[in-house]
Amino acid sequence: MIELEQVSVRFHDRTILDNISVSLTEHRIGVVGDNGSGKSTFARLLNGLLLPDLGTVEVNNLDTRDDGKDVRSQVGFLFQNPDNQIVMPTVAEDLALGLKPHKLTGAEQSHRVSVTLDRFSLTHLADRSAHLLSGGEKQLVALAGVMVTQPQILVCDEPTTLLDRRNAAHVMRLIGELPCQVIVITHHVEHLNDFDRVLVIADGRISDDGPPGETIPRYLETLA
Amino acid sequence: MIVGLYVPGDTALHKLSAAVKLMAMFGVGAVLVLVDTVVPLAILVIGIGFIFTVVAGLGRNRLWAATRPLLIWLAIIAITQVWVADKEAAFEVILRLIALVWTAALVTYTTRLTDMSDVIARLCGTLRPLGVSPDRVAFLVALTIRLIPAVFDTVREVRDAQRSRGLERAYLAAFVPVLTRVLRQADVLSEALIARGFDRWDTQ
Amino acid sequence: MTARDTVLVALFAALTAALGLLPPIPVPLVPVPVTAQTLGVMLAGCLIGPRRAGLAMLLLLMLIAVGLPLLSGGRGGLAVFVGPSAGYLAGWAVGAFVIGLVVARFNSTSVSLFIANCVGGIAVVYVFGIPVMAAVLDLPLLTAALGSAAFLPGDLIKAGLAAAIAVAVRRAYPMAGQ
């Protein structure tokens, strides 16, 4: 559960997010908005990568300001560009990297890695160079690298923007099937139809909030 | 993908531990400094060349590849030594240089990247009192190996763009975008490292 | 080291390796090839601070030593550390550090960056390079120094180029070096 209370973020003299209060408890939550609406900033608040200038963000009652490390151990984060998220030369090594803080034995670690690879159908890529993967494969590896740590919450910042339609649908289906709470920032609204709740961010405020069946049509109307 | 200089094989030299090979290299270096007559040096060079090509099975082509970068230096030695001293001295310097470079290349060609890295990490471990963490060094090595092909691609793209515009020498115009791209990538990468638990790693 | 330090060190080691791929910079009237690789040493010193720049070069040298062919012309391995140019390589690490120190002392105009590059990227590198070359080739120090002078015009051009690039990059990306 994530709780934002009167959160504002400013950059120089520009207000990015303006007095947002919201409680995120549903299993699958989508966040949509135009470029520059502040939705990426919103995502970064949820695991303490960014701290609010005003207000508080609490994850399972931990304040991101005081307990950033503990918050990040519970909140996984999937970035838009997997090239910047995969930091080890090969796929299996990259998955193992996320387990470093868990202090597992070598056998436990390789077991967790192989189970996770298997779950995302990546076993055949285990020893491949990350640089030589396709865009879709890279995003799956990045997702597996987050999920291997078994986070309670997964935040995704435009996870499908750099993918073609087929890979985008595949990645979103896998994200939607995850048992943990997922919060997906995206402008591909068609992937959010099965979600439990959709927030619309415009000009740094939450302009709409509700089930996707109601909010998405209203959002698409504002684009017309 | 970046490929190391290691040549796979299962000769006695391949099986020797990296630390032993490194110590042997220093040993050869010490011997070379002590020997200062042409004939024993020439015998040593022939011996190392034999170990290189036959015992380690690296062949003559690789021996030539290891020697080629030295040719320019050998020419310089030949010219200056004849001018400064005498032929005998020139031969000594040339033989000593060839012996040392062949030995070093022999170690590199017969030692896996990971084995060599382990030795270096162990050496870094002795610097622990100075705040060096072998774990962090190993991570830096892996991260750089991951980033090299990506940065290569960036530089190549810019070089090709230059060429297609006929600007073979527009270094200034080309490098500013490369550098800003690299610095921007640094921001995103460090954010991703933190999201993936970098600040929860034990530095011990 | 913070995450940002770690990433910058790795990126500038990778960048300097990548610059070895570029064709040599042609310099009028100079017969020796001028590789773009030492540009990486100077750019690191100008852009990411003394400690990170020095570490980036040390890291690159470590990768070369363990057997990656990352020097211009695809050279690498232990052989380059026992050859005549070994001292210049060691000079890269110290030189990048010194450039960073000089840059931190002065404001970053193109003139002061050029001077920093000349001090760290040329003088310091030569101070390490020339004696080692003289020792390996068994030459008098003065002869080795005179021989190295052939590289001076190319290195001066690179010092100017690196200064100009760094000034432009700092303007486009003011966070550099922090």
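Convention: sequence-line order gives letters A, B, ...; per-chain numbering from 1. This structure is a prediction, so every number in the text was calculated from the model and none was measured.
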Trainee: Is A:F120 atom CZ crowded by more than 12 heavy atoms from other residues, nucleotides or ligands, each under 6.0 Å away?
Mentor: yes
Trainee: Heavy atoms only, distances under 4.5 angstrom: which of A:I86, A:V146, A:T149 has the most pairs with chain B? Name it, please.
Mentor: A:I86
Trainee: Measure A:N81 against the heavy atoms of chain B and call it side chain, backbone, both or neither at under 4.5 Å.
Mentor: neither
Trainee: Can you say whether B:F139 sits under 4.5 Å from chain A via the side chain, the backbone, both, or neither, judging by heavy atoms?
Mentor: side chain
Trainee: Is the cationic atom of B:R136 (NZ for Lys, CZ for Arg) positioned less than 6.0 Å from the six-membered ring centroid of B:F198 and within 45 degrees of its normal?
Mentor: yes
Trainee: For B:L193, is it the side chain, the backbone, both, or neither that has a heavy atom closer than 4.5 Å to a heavy atom of chain A?
Mentor: side chain
Trainee: Among B:D199, B:V188, B:I145, which residue has the highest count of heavy-atom pairs closer than 4.5 Å to chain A?
Mentor: B:D199
Trainee: Does the side chain of A:D157 pick up a donor-acceptor pair with the side chain of A:S40 at under 3.5 Å?
Mentor: yes
Trainee: Can you see which heavy atom on A:F77 is nearest to which on B:A195, and at what distance?
Mentor: CB-CB, 4.0 Å
Trainee: Within the 3.5 Å criterion, strictly below it, is a donor on A:Q152 or A:N60 matched to an acceptor on the partner's side chain?
Mentor: yes
